[in-house]
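Structure, as structure tokens:
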Amino acid sequence: MSTPQTPYDDWRRLDPRTVLVTALVVAGVVAGAALPAALGLSRWLGLPGAAFAVAGAGLLIVAVAAGADRVRWHRTRYRIGEEHVDLHTGLLLVKRRSLARSRIRTVDLTANLLLRLLGLVTVRIGTGEQGGESTLELDPVTRAEGERLRLLLLERAAATPPGVHRDGELATLDPRWIRYAPVSFVAPMLGGAAIGAVMQISDWLGAQGEVIAWAGDRFQETPLLWVIVILVAAALAAGTIGALGLWIEMWWNYRLEREPGGTLRVRRGLFTSRSISVEEARLRGVDLVEPLGVRLFGAARLDAITTGLAQNHEAKNADHNTVLPAVPRSLADSVAADVLREAVTPTGSAVTRHPRAARGRRLRWSLAAALAPVLLLTLLGVLLTPVLLWIALGLAAVSLPLAVALALDAYRGLGHAISGRYLVTRSGTLRRSTAALERAGVIGWTVKQSYFQRRAGLLTVTATTAAGGGAYTAYDTDAAEGLAFAAEAVPGLLEPFLERADGAADERSRHKTDGP
């Protein structure tokens, strides 16, 4: 029996039920692949022989996977030290990894349905730096152990950030928010995926020809235009159902709260539960995101702009830094103010409009993109068949007005402002983004001016930062106004370059005046 040890010295193992979890997961995968595999082998072995072969192979695969995970469990241990978190794993090639506790920025808990039924979670401990070596994964431990690790590793002695906003609950799920799910871009993508899945499964079963023939019989006497309309409607209906289901899985049980000590915590998920923690000390602002369909219904979602957000494979999902799903815009602004501890949210501040020359640039880009396929179809119609000419005409009738509308909307979306401690940039039409970035978080400016921008008196200024996407841009601002915006937002950072440029301009002017 081992002697008692301090909390900083004891080595711990993962939960031994990891072997059961692995066996069940692999068994599910094997069961899903068993039917098409058996049908494929039945051509040579007959159906009974194929079923026997597939069952034997499946049992072997499950046994090997469970045995390998048993070895992993036996050879894996972790320790929370006073200064480091250590993880040792491996059989022949032992891997020892260590993270300094002072650099730990994220402790996220995830549990799929199977783990939840067993009371287990996967814990990901990260420093927020790039690369897999910046993250330790404990898969799985008990939920109580996961909560203990989260509280222990995110414990900070720093003072509570300034502001009068309360601790505790900031937002909870309102089931009415689900109405925004079908108007996102996810719905049409899921509809297309559903049609592809039907064709793929029918191919596995060797019945793809029959499915196509059946569909052809149904629409044999239906005009082509109505066939297209019906198929698009069916895909959209399937996509809508899929989008609703996906939203429920992702956002059910949603809760945003501020914990004592200055940590924002997002919990959500129906079958797979997720717990994501964001230290307010790393918070550099928020991004109010309005995809076109959601924006038409007066809604927006809220993303956190933070330093050190985990960059592992799990964090590549677009929703990893989302602290609020699509909700009414007024509520999104209110939650943004609570998150930032501001009386008035900077995402709702009035922005400076950009010159009309910026509108002309967007009209030209949009019309060029719309005309390119029309011109290509017209050329092919002249060379091949007049049918393509009619298709080009129909495409032009639809795409050109749409291109103009999107260009004008993109221009209306341009803007920038300074609101207290934050600089604000707004742009986009299919995905409009209103980013409020803490001015103290700006580490540099990038100023770009193309030949055509120079002729129009425009330029693009980009604030670079270690947080969020790393860059937040004010596109096609008035040249003088954009530089003044950057200089005012972060005093002292851009002025030396402006003074140097002004000095060079004065020197050129003096030489011209004093020349022969």
Side-chain angles (χ1 to χ4, degrees), residues 156 158-174 176-177 180 251 254-268 276-291 294-295 297-309 319-352 413 415-428 431-442 463 465 467-469 472 474 485 488-490:
R156 295 289 186 269
T160 302
V164 297
H165 289 270
R166 66 191 186 282
D167 288 346
E169 179 184 296
L170 301 183
T172 55
L173 177 72
D174 184 340
R176 291 175 295 179
W177 297 347
Y180 301 119
W251 295 107
Y254 164 81
R255 178 183 175 91
L256 170 65
E257 57 189 346
R258 176 181 286 117
E259 298 180 328
T263 298
L264 295 171
R265 186 181 187 187
V266 178
R267 288 185 283 183
R268 58 186 176 83
I276 301 171
S277 299
V278 177
E279 289 181 298
E280 288 188 89
R282 298 186 294 109
L283 189 66
R284 295 294 178 265
V286 294
D287 190 3
L288 199 74
V289 181
E290 303 168 273
V294 171
R295 176 159 51 91
F297 283 79
R301 79 165 192 264
L302 192 67
D303 293 350
I305 299 176
T306 66
T307 60
L309 193 64
D319 65 327
H320 191 80
N321 61 340
T322 299
V323 296
L324 185 69
V327 300
R329 171 64 191 263
S330 58
L331 177 59
D333 281 327
S334 175
V335 173
D338 284 336
V339 167
L340 297 176
R341 295 181 181 267
E342 296 287 336
V344 179
T345 176
T347 57
S349 59
V351 296
T352 300
H416 63 274
I418 294 176
S419 177
R421 297 186 297 123
Y422 297 88
L423 64 87
V424 180
T425 62
R426 191 177 71 188
S427 63
R431 179 190 182 276
R432 179 163 296 171
S433 166
T434 305
L437 176 65
E438 194 174 38
R439 294 155 64 182
V442 177
T465 178
Y472 295 89
F485 163 68
E488 182 183 355
V490 189

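A distance of 14.5 Å separates CZ in F297 from CD in E290, rounded to the nearest 0.5 Å. Distance check: E438 CD to T465 OG1 gives 9.0 Å after rounding to the nearest 0.5 Å. Taken from OG1 in T425 to NE2 in H416, the straight-line distance is 10.0 Å, to the nearest 0.5 Å. Rounded to the nearest 0.5 angstrom, L256 CG and T322 OG1 are separated by 11.5 Å. The CG atom of L324 lies 10.0 Å from the CG atom of L170; values are rounded to the nearest 0.5 Å. The line from OG1 of T172 to CZ of R267 is 11.5 Å long, rounded to the nearest 0.5 Å.
The salt bridge (Lys or Arg N to Asp or Glu O under 4.0 Å) test applied to R432 returns D409, not counting sequence neighbours.
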Side chain to side chain contact (heavy atoms under 4.5 Å, CB included) evaluation trace for I305 with L283
CA-CA 6 Å; I305 299 176; L283 189 66; 5.8 Å; no

Stepwise, does the side chain to side chain contact (heavy atoms under 4.5 Å, CB included) test hold for L423 with F485?
CA-CA 9 Å; L423 64 87; F485 163 68; 4.1 Å; yes

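A donor-acceptor pair is defined here as one N or O able to donate and one able to accept, closer than 3.5 Å; no such pair exists between the side chain of R284 and the backbone of L437. For Y254 (side chain) and V323 (main-chain N/O), a donor-acceptor pair under 3.5 Å exists by modelled atom type. In this structure, R439 contributes its side chain and V490 its backbone to no donor-acceptor pair below 3.5 Å. In this structure a side-chain-to-backbone donor-acceptor pair under 3.5 Å is missing from T434 to T347.
Of all non-hydrogen atoms in T345 and A336, the two that sit nearest each other are OG1-CB, 3.5 Å.
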